[in-house]
Amino acid sequence: MGAPATYPHAYVRGGTTKLLTLCRPATGQLWAEPVTHAPNAVLHPWLQRELTKILASRPAAEPVDAEATRAAWAVWQAGLNAPFTLPSALRPQRVLLV
């Protein structure tokens with residue numbers, strides 16, 4: 001009583017810092033980057049750069065066998081009340097796990 005309000009010793013002027021992390025459970029690798037702001041964007045620019053580097057190190061995408069994919073899709077959807085539809089052109093897929 002009678003004393004001014006003070007900030008705790010851990011308080012640092014300039015706001016808080018956020019820590020963006022990217023984890024790859026298959027290898028245990030972890031990337032981290034401190035940022036002062038993380039807007040509600042689809043992907044933070046740092047995460048975009050890191051994911052682009054990871055994808056560049058992977059082998060090129062293999063073409064997708066559209067007929068086999070559509071057949072597997074039809075079998076999977078056999079029991080659904082409201083089936084999903086696939087786009088007419090399927091994009092090639094990359095495998096990230098080693």
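- Side-chain contact between Leu19 and Val35 is absent, with no heavy-atom pair separated by less than 4.5 Å.
- Residues passing the side-chain hydrogen bond (donor to acceptor under 3.5 Å, both in side chains) test with Glu33 are Trp46, sequence neighbours excluded.
- Across all their heavy atoms, Cys23 and Leu30 have their closest contact at CB-CD1, 3.9 Å.
- In terms of heavy atoms, Thr36 sits closest to Lys18 at O-NZ, 3.6 Å.
- Taken to the nearest 0.5 Å, the CZ atom of Arg49 stands 14.5 Å off from the CH2 atom of Trp31.
- Other residues, nucleotides and ligands contribute only 12 or fewer heavy atoms inside 6.0 Å of the CD atom of Glu67.
- How far CG of Asp65 is from CZ of Arg70: 11.0 Å, rounded to the nearest 0.5 Å.
- Between Leu47 and Thr21, the shortest heavy-atom distance links the atoms CD2-O, 4.2 Å.
- Note: Glu50 CD to Leu55 CG = 11.5 Å, rounded to the nearest 0.5 Å.
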